[in-house]
Amino acid sequence: MNTTSPGGMARIALLAALAAGTLDIGAAILTNLQVPARVVLQSVAGGWLGAAAYQGGWPTAWLGLASHYAIMLGVAVVYVVAAARAPILRRRWLVAGVGYGLAVWLAMTFVVVPLSASTLSGPDSLQAAIKPVVIHILCVGLPIAWIVSRMAGRPVA
(Lines give C-alpha, C1' and ligand atoms only; values in the text may rest on other atoms or scores of the structure.)
Protein backbone atom coordinates (compact mmCIF):
# COMPACT_ATOMS: atom_id res chain seq x y z
CA MET A 1 0.00 0.00 0.00
CA ASN A 2 1.38 3.41 -0.86
CA THR A 3 -0.20 4.84 2.27
CA THR A 4 0.93 2.34 4.89
CA SER A 5 1.03 4.57 7.93
CA PRO A 6 -1.73 3.99 10.47
CA GLY A 7 -2.88 7.57 9.95
CA GLY A 8 -3.03 7.10 6.18
CA MET A 9 -4.98 3.88 6.51
CA ALA A 10 -7.34 5.53 9.01
CA ARG A 11 -8.02 8.40 6.59
CA ILE A 12 -8.77 5.94 3.80
CA ALA A 13 -11.11 3.93 6.04
CA LEU A 14 -12.87 7.06 7.25
CA LEU A 15 -13.46 8.38 3.73
CA ALA A 16 -14.64 4.97 2.54
CA ALA A 17 -17.00 4.69 5.52
CA LEU A 18 -18.44 8.16 4.95
CA ALA A 19 -19.01 7.51 1.25
CA ALA A 20 -20.47 4.03 1.62
CA GLY A 21 -22.44 4.95 4.73
CA THR A 22 -24.04 7.91 2.99
CA LEU A 23 -24.84 5.95 -0.17
CA ASP A 24 -26.23 3.00 1.79
CA ILE A 25 -28.46 4.96 4.17
CA GLY A 26 -29.59 7.16 1.27
CA ALA A 27 -30.58 4.05 -0.68
CA ALA A 28 -32.39 2.66 2.38
CA ILE A 29 -34.39 5.86 2.72
CA LEU A 30 -35.12 6.15 -1.02
CA THR A 31 -36.23 2.55 -1.37
CA ASN A 32 -38.55 2.84 1.64
CA LEU A 33 -40.42 6.02 0.80
CA GLN A 34 -43.60 4.54 2.24
CA VAL A 35 -42.22 5.33 5.71
CA PRO A 36 -40.58 8.51 7.03
CA ALA A 37 -36.77 8.65 6.95
CA ARG A 38 -36.92 8.82 10.75
CA VAL A 39 -38.38 5.29 10.84
CA VAL A 40 -35.63 3.94 8.57
CA LEU A 41 -33.03 5.38 10.94
CA GLN A 42 -34.93 4.07 13.97
CA SER A 43 -34.83 0.60 12.43
CA VAL A 44 -31.03 0.74 12.74
CA ALA A 45 -31.32 1.80 16.38
CA GLY A 46 -33.61 -1.19 16.77
CA GLY A 47 -30.48 -3.30 16.82
CA TRP A 48 -29.78 -1.81 20.26
CA LEU A 49 -33.27 -1.04 21.50
CA GLY A 50 -35.60 -3.47 19.79
CA ALA A 51 -39.15 -2.25 19.20
CA ALA A 52 -38.60 0.61 21.68
CA ALA A 53 -36.50 2.37 19.03
CA TYR A 54 -39.68 3.28 17.16
CA GLN A 55 -41.09 5.07 20.22
CA GLY A 56 -38.06 7.30 20.76
CA GLY A 57 -38.64 9.93 18.09
CA TRP A 58 -35.66 11.72 16.60
CA PRO A 59 -33.25 10.83 19.44
CA THR A 60 -33.45 7.15 18.49
CA ALA A 61 -33.26 8.08 14.80
CA TRP A 62 -29.98 9.92 15.50
CA LEU A 63 -28.76 6.86 17.46
CA GLY A 64 -29.57 4.78 14.39
CA LEU A 65 -27.67 7.11 12.09
CA ALA A 66 -24.63 7.16 14.39
CA SER A 67 -24.80 3.37 14.68
CA HIS A 68 -25.03 3.01 10.91
CA TYR A 69 -21.85 5.06 10.36
CA ALA A 70 -20.04 3.19 13.16
CA ILE A 71 -20.90 -0.12 11.54
CA MET A 72 -19.80 1.21 8.16
CA LEU A 73 -16.49 2.33 9.67
CA GLY A 74 -15.93 -1.22 10.88
CA VAL A 75 -16.81 -2.56 7.43
CA ALA A 76 -14.37 -0.12 5.79
CA VAL A 77 -11.56 -0.87 8.26
CA VAL A 78 -11.87 -4.61 7.54
CA TYR A 79 -11.51 -3.94 3.81
CA VAL A 80 -8.60 -1.51 4.23
CA VAL A 81 -6.69 -4.02 6.36
CA ALA A 82 -7.48 -6.86 3.96
CA ALA A 83 -6.37 -4.76 0.97
CA ALA A 84 -3.12 -3.90 2.71
CA ARG A 85 -2.39 -7.61 3.10
CA ALA A 86 -3.82 -8.81 -0.22
CA PRO A 87 -2.84 -6.42 -3.03
CA ILE A 88 -5.15 -8.23 -5.47
CA LEU A 89 -8.07 -6.50 -3.72
CA ARG A 90 -6.68 -3.18 -4.94
CA ARG A 91 -5.71 -4.45 -8.37
CA ARG A 92 -9.08 -6.14 -9.01
CA TRP A 93 -11.18 -3.66 -7.07
CA LEU A 94 -14.30 -4.14 -9.23
CA VAL A 95 -14.55 -7.89 -8.62
CA ALA A 96 -13.46 -7.47 -5.00
CA GLY A 97 -16.06 -4.77 -4.43
CA VAL A 98 -18.88 -6.92 -5.77
CA GLY A 99 -17.77 -9.80 -3.57
CA TYR A 100 -17.35 -7.57 -0.54
CA GLY A 101 -20.78 -6.00 -0.98
CA LEU A 102 -22.31 -9.47 -1.08
CA ALA A 103 -20.27 -10.59 1.94
CA VAL A 104 -21.35 -7.54 3.96
CA TRP A 105 -25.00 -8.17 3.10
CA LEU A 106 -24.71 -11.83 4.12
CA ALA A 107 -23.00 -10.96 7.42
CA MET A 108 -25.49 -8.23 8.29
CA THR A 109 -28.55 -10.25 7.26
CA PHE A 110 -27.67 -13.63 8.71
CA VAL A 111 -25.34 -12.80 11.62
CA VAL A 112 -25.49 -9.21 12.90
CA VAL A 113 -29.24 -8.50 12.68
CA PRO A 114 -30.34 -11.91 14.06
CA LEU A 115 -27.95 -11.51 17.02
CA SER A 116 -29.23 -8.00 17.74
CA ALA A 117 -32.45 -6.81 19.38
CA SER A 118 -33.82 -5.83 15.95
CA THR A 119 -37.40 -6.67 15.06
CA LEU A 120 -36.45 -6.88 11.36
CA SER A 121 -36.26 -10.23 9.64
CA GLY A 122 -34.27 -11.39 6.66
CA PRO A 123 -35.71 -11.86 3.19
CA ASP A 124 -38.28 -14.62 2.81
CA SER A 125 -37.38 -15.37 -0.80
CA LEU A 126 -34.59 -14.99 -3.31
CA GLN A 127 -36.63 -12.29 -5.06
CA ALA A 128 -36.87 -10.30 -1.81
CA ALA A 129 -33.08 -10.51 -1.40
CA ILE A 130 -32.18 -9.10 -4.82
CA LYS A 131 -32.75 -5.40 -4.08
CA PRO A 132 -30.79 -5.31 -0.79
CA VAL A 133 -27.96 -7.36 -2.29
CA VAL A 134 -27.68 -5.00 -5.27
CA ILE A 135 -27.75 -2.00 -2.91
CA HIS A 136 -24.95 -3.48 -0.80
CA ILE A 137 -22.87 -4.17 -3.89
CA LEU A 138 -23.43 -0.72 -5.46
CA CYS A 139 -23.47 1.39 -2.30
CA VAL A 140 -21.09 -0.46 0.05
CA GLY A 141 -18.72 -2.92 -1.64
CA LEU A 142 -17.89 -1.02 -4.81
CA PRO A 143 -17.40 2.44 -3.25
CA ILE A 144 -15.16 1.05 -0.50
CA ALA A 145 -13.11 -1.02 -2.95
CA TRP A 146 -12.78 1.91 -5.38
CA ILE A 147 -11.74 4.41 -2.70
CA VAL A 148 -9.17 1.99 -1.26
CA SER A 149 -7.83 1.26 -4.73
CA ARG A 150 -7.48 4.95 -5.60
CA MET A 151 -6.17 6.25 -2.30
CA ALA A 152 -3.92 3.35 -1.37
CA GLY A 153 -2.57 2.85 -4.87
CA ARG A 154 -2.88 -0.17 -7.09
CA PRO A 155 0.03 -2.60 -7.01
CA VAL A 156 1.85 -3.02 -10.30
CA ALA A 157 2.10 -6.80 -10.57
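Everything numeric in this text was worked out from a predicted model, so none of it was measured.
The shortest non-hydrogen separation linking G21 to M72 is N-CG, 3.5 Å. The heavy-atom pair separating A84 from R90 by the smallest distance is O-NH2, 4.4 Å. I144 and V75 get closest at one heavy-atom pair: CD1-CG1, 3.8 Å. The minimum heavy-atom distance between A145 and G97, with the atom names listed, is CB-CA, 3.6 Å. Scanning both residues, P143 and L23, for their nearest heavy atoms gives CG-CD1, 3.6 Å. Residue A83 comes nearest to L89 through the heavy atom pair N-CD1, 3.8 Å, listed as atom of the first residue, atom of the second, then distance.
No side-chain heavy atom of V113 sits less than 4.5 Å from a side-chain heavy atom of T109. For the pair Y100/I137, no side-chain contact is recorded, criterion being any heavy-atom separation below 4.5 Å from C-beta on. With a 4.5 Å cut-off on side-chain heavy atoms, Y69 and L65 count as touching. Counting heavy atoms from C-beta outward, L94 and W146 have side chains that stay 4.5 Å or more apart. The shortest distance between side-chain heavy atoms of V148 and W93 does not fall below 4.5 Å.
Under the 4.5 Å side-chain contact rule for hydrophobic residues, L102 and V95 do not share a cluster. Taken together through direct or relayed side-chain contacts under 4.5 Å among Ile, Leu, Val, Met, Phe, Trp and Tyr, L106 and L142 form part of one hydrophobic cluster.
Taking the six-membered ring where tryptophan is involved, the planes of F110 and W105 are perpendicular, since the angle between them exceeds 60° and thus also 30°.
Once rounded to the nearest 0.5 Å, the distance linking NE2 of H68 with CD1 of I71 reads 8.0 Å. I135 contributes atom CD1, which lies 12.0 Å from atom CD1 of I130 (distance to the nearest 0.5 angstrom). Once rounded to the nearest 0.5 Å, the distance linking CG of L63 with CH2 of W58 reads 13.0 Å. Atoms CD1 and OH, on I12 and Y79 in that order, are 12.0 Å from each other to the nearest 0.5 Å. R92 CZ to S149 OG: the interatomic distance, rounded to the nearest 0.5 Å, is 11.5 Å. Rounded to the nearest 0.5 Å, atoms OG1 (T22) and CG (L18) are 6.0 Å apart.
A distance-only check finds a donor-acceptor pair linking the side chain of H136 to the backbone of P132 [under 3.5 Å].
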Donor-acceptor contacts, no H, no angles, side chain residues 32-53, under 3.5 Å, sequence neighbours left out:
from: N32; atom 1: ND2; to: A28; atom 2: O; distance (Å): 2.7
from: Q42; atom 1: NE2; to: A53; atom 2: O; distance (Å): 3.4
from: Q42; atom 1: NE2; to: G57; atom 2: O; distance (Å): 3.0
from: Q42; atom 1: NE2; to: T60; atom 2: OG1; distance (Å): 3.3
from: S43; atom 1: OG; to: V40; atom 2: O; distance (Å): 2.5
from: W48; atom 1: NE1; to: S67; atom 2: OG; distance (Å): 2.8

